Amino acid sequence: MYSSLISIAKKLSSHEHLKQLHAQMILNSLHQNSFWVSLLITKCTRLNAPSSYTNLVFNFVQYPTVSLYNCMLRYLSHLGAHHEVTALFQKMLRAEVRPDAFVYPILIKSAEKSGIALHAHIFKLGYICDRILSNGIMAMYAKHGPIEVARQLFDEMSDRAVADWNSMISGCWRWGLEIEALRLFDVMPQRNVITWTCMVTGFSRIKNLERARWYFDVMPQKSVVSWNAMLSGYAQNGFKDEAFKLFNEMLDAGVHPDDRTWTIIISSSSSHGDASLVELLVGMLDAKKVHVNPFIQTALLDMSAKCGKLEAARDIFDELGTHANTAARNAMISAYARVGDLTSARDLFGQMPERDIVSWNSMIAGYAQNGQSPQAIELFKQLIEVGHPKPDEVTMVSALSACGHLGALELGNWVVDFLSKADIKLSISGYNSMIFMYSKCGSMKDAMRIFKEINLRDVVSYNTIIAALAAHGDASEAIKLVSKMGKEGIKPDRLTFIGVLTACSHAGLIQEGRKVFESINCPSVDHYACMIDLLGRAGELDEALRLLENMPMEPHAGVYGSLLNAGRIHRRVELGELAAKKLFELEPNNSGNYVLLSNVYAAASRWKDVERVREYMKQKGVVKATGWSLAEYDGKIHKFIAGDRSHERSKEIFGFLSKLRQKMRQSGYFADKDCVLSDIEEEDKEEMVGVHSEKLAISFALLVSKPGSVIRVVKNLRIFRILGTSNGTIWPAYDEGMVYPYLKDKTTKC
DNA sequence: CTAGGGTTAG
């Protein structure tokens with residue numbers, strides 16, 4: 001009677017088969033039989049059956065035996081449902097089913113993965129003498145800390161098995177006790193493959209690939225796990241070529257890659273973004289008839305997405321169906337975010353049954369990288385409100401970057417404050433994003449402070465601070481830093497030179513700029529654009545033109561843009577026209593170019609030509625991009641669009657603006673053109689085009705400000721600090737450094 | 001059913 005059941009059980013390889021078997025069991029009235037249900041649930045574990053189904057099967061049984069409980073606990077633990085493990089264990093105790101020796105290793109493993117302390121207490125009560133259990137408990141402390149407790153248990157052991165040494169060594173590596181791990185390795189009486197593999201992963205983790213490789217090479221035998229460990233070491237540290245080389249060596253050595261090997265290889269080739277590599281790998285998987293599990297599928301999904309094949313990624317995602325775990329969903333979210341489809345990303349994010357920190361980070365970064373900083377910050381605040389999962393460095397990098405793009409210093413300070421209170425450890429990239437935030441918000445002092453405080457800097461740290469100095473026109477400091485980075489053994493890259501050249505340009509340092517330009521090994525188009533900008537701004541327009549004509553590559557829009565701007569500043573209409581002509585070809589829809597050309601004519605008082613450009617724009621259907629400004633007030637960002645009345649206090653703002661103007665006119669006050677509130681003559685034109693966004697922002701700032709408060713209005717590089725309404729003084733915040741030199745000394749009183 | 005290796009975010 002059971003033979004047909006056994007034959008079904010043997011070939012179980014899909015969820016469908018599970019259902020078939022269960023149906024047969026019901027037919028044979030075996031769905032109450034602990035033995036058969038155990039068998040089925042063991043299969044469920046292996047095939048990652050959904051918990052809804054497995055729970056159904058389990059709940060059929062009225063009086064489960066100990067071993068059936070064990071199977072179910074193992075299933076839940078495998079699934080990562082550690083709270084359910086605890087619950088089921090308690091249910092088992094309530095049902096007066098006496099736990100046998102097999103249940104504890106399952107519970108310990110679950111406790112180990114989840115760090116649920118409750119379990120540990122249960123075992124400590126009397127199972128410490130069993131060597132497997134004592135190892136389990138020690139391993140738990142080694143993994144989750146405190147490592148000292150693990151050490152104490154280890155020292156108390158009467159006779160230590162290799163497994164105990166291995167757990168302890170692994171724990172030492174995990175908690176950064178490199179020296180102790182090495183010492184234990186040296187003094188232990190016996191070592192096995194696992195011990196050696198521990199050393200390989202240990203050294204990989206601290207990025208010492210050479211020593212990791214040394215242990216890998218000298219180990220007496222290797223298992224697939226050892227190969228995987230070494231491969232993963234290379235992959236995680238960005239040594240893709242070495243990973244591939246080792247993978248080939250592995251195949252040559254006749255070692256069969258397992259599913260984890262494939263996962264590592266696929267994910268490490270993801271960053272290549274090379275479509276042909278996808279085909280190669282998929283071909284290999286086919287040829288070797290590899291069973292593609294959800295891990296491999298997720299890696300494939302991610303790789304397809306990174307090669308720009310969103311459709312293929314979505315296909316894999318749909319194929320995964322119920323097997324799509326959090327990681328797979330996260331991969332899909334970032335795939336959408338990468339192409340800018342934030343709606344789909346957010347939909348998926350909203351539908352997730354469980355969200356881990358990667359889910360939040362993917363979504364927040366998605367917003368931050370697609371120019372939607374307010375949404376990024378909004379989501380970050382939501383995460384803090386929910387309280388879990390705990391934000392990590394990646395979260396903070398995105399949040400800080402969003403604050404930086406908005407110029408929101410108040411928010412930025414809040415994020416930094418949160419970060420230190422939550423005790424989130426930062427690496428170089430975390431500090432770099434802090435430097436970025438401060439410098440974008442105009443707090444050069446803080447940016448410099450962080451830059452000096454961190455003892456490890458990389459090329460990104462330097463590029464960030466140099467770009468900031470460039471924006472402030474502090475060229476001498478920028479040049480100093482380049483030579484400093486040389487002393488620290490950091491090689492300047494493309495972006496470094498762009499930064500220094502920009503700095504020279506803003507400070508008008510032609511000689512220094514020339515020297516820097518000549519020192520660049522193989523200047524790119526961007527470097528030429530910077531150099532032409534530098535020469536052009538400084539008035540050396542003929543030299544700029546010569547440089548342009550002798551470029552070894554085709555100039556891009558940036559190069560002509562620099563020339564056009566130079567033509568405007570120095571009223572060289574013919575150069576401006578030349579540049580504009582090229583720009584209209586290269587970027588026919590960029591309204592900025594048309595505006596710039598009309599400014600060239602305006603600067604030369606050729607009003608007819610100004611009109612002609614405007615006509616030309618209309619004729620071509622080019623719409624001038626709407627201006628916008630931001631004001632940060634009370635931790636919130638207020639956005640103002642030119643001529644727009646959508647702000648909730650719009651009425652008051654417009655009223656305030658007109659009062660302000662009256663006051664200015666009465667006092668006969670007149671300031672020059674760069675002061676936003678001063679260009680009264682433009683008022684009539686505003687009737688047609690709408691009020692400039694910056695005026696709205698500043699009016700708002702003045703309206704809400706209390707004496708002594710600081711309100712920041714940010715647009716491009718201009719930050720206004722409001723000292724109070726009593727005398728209504730505003731000025732560009734050059735005290736914080738964030739202005740071009742030509743804005744200096746432009747203080748307005750209203 | 002002790003100890004080593006996997007997917008996703010910057």
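In what follows, every heavy atom counts, from backbone to side chain, and hydrogens, waters and symmetry copies are set aside. None of these values were measured; they are calculated from a predicted model. Throughout, protein chains are lettered first and strands after them, A, B, ... in sequence-line order, and every chain is numbered starting at 1.
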In whole Å, what is the span from the [atom1] atom of [X] to the [atom2] atom of [N]?
| X | N | atom1 | atom2 | value |
| --- | --- | --- | --- | --- |
| A/Gln236 | B/dG6 | CD | P | 6 Å |
| A/Met199 | B/dA3 | CE | P | 19 Å |
| A/Asp392 | B/dT8 | CG | P | 15 Å |
| A/Phe380 | B/dG10 | CZ | C1' | 14 Å |
| A/Tyr141 | B/dA3 | OH | P | 17 Å |
| A/Met332 | B/dA9 | CE | C1' | 15 Å |

Is any side-chain N or O of [X] closer than 4.0 Å to OP1 or OP2 of [N]?
| X | N | value |
| --- | --- | --- |
| A/Ser232 | B/dG6 | yes |
| A/Lys306 | B/dA9 | yes |
| A/Gln297 | B/dT7 | no |
| A/Arg338 | B/dA9 | yes |
| A/Ser170 | B/dG4 | yes |

Starting the side chain at C-beta, find the nucleotide from [options] nearest to [X].
| X | options | answer |
| --- | --- | --- |
| A/Ala229 | B/dG5, B/dG10, B/dA9 | B/dG5 |
| A/Phe295 | B/dG6, B/dA3, B/dT8 | B/dG6 |
| A/Asn361 | B/dT7, B/dA9, B/dA3 | B/dA9 |

Over all strands shown, is [X] touching base, sugar-phosphate only, or nothing at heavy-atom distances under 4.0 angstrom?
| X | value |
| --- | --- |
| A/Val193 | base |
| A/Arg355 | nothing |
| A/Glu393 | base |
| A/Ser359 | nothing |
| A/Ser433 | nothing |
| A/Ser429 | base |
| A/Ser362 | sugar-phosphate |
| A/Arg205 | sugar-phosphate |

When you compare the side chains of [X] and [Y], does any donor N or O come within less than 3.5 Å of an acceptor on the partner?
| X | Y | answer |
| --- | --- | --- |
| A/Asn330 | A/Asp356 | yes |
| A/Ser401 | A/Ser433 | no |
| A/Thr395 | A/Asp392 | yes |
| A/Asp164 | A/Ser167 | no |
| A/Asp458 | A/Ser461 | yes |

**OP:** Establish whether the base of B/dA3 is bridged to the side chain of A/Asn192 by a donor-acceptor pair shorter than 3.5 Å.
**Re:** yes
**OP:** Answer with yes or no whether A/Ser223 presents, from its side chain, a donor or acceptor under 3.5 Å of a partner atom in the base of B/dG5.
**Re:** no
Original post:
Is the NZ or CZ atom of A/Arg457 positioned over A/Phe451's six-membered ring, under 6.0 angstrom from the centre and within 45° of the axis?
Top reply: yes
Subject >> For the student: nearest non-hydrogen atoms of A/Thr45 and A/Arg74, plus distance >> reply: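 It is CG2-O, 4.4 Å.
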**OP:** Could you note down all residue pairs passing salt bridge (charged side-chain N to carboxylate O under 4.0 Å, His left out) where residues 206-217 of chain A supplies at least one of them, sequence neighbours left out?
**Re:**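 Only A/Arg213-A/Asp217, A/Arg213-A/Glu249 qualify under salt bridge (charged side-chain N to carboxylate O under 4.0 Å, His left out).
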Subject >> Contact residues, residues 247-262 of chain A to DNA chain B [heavy atom, < 4.0 Å] >> reply: A/Asp258, A/Asp259, A/Arg260
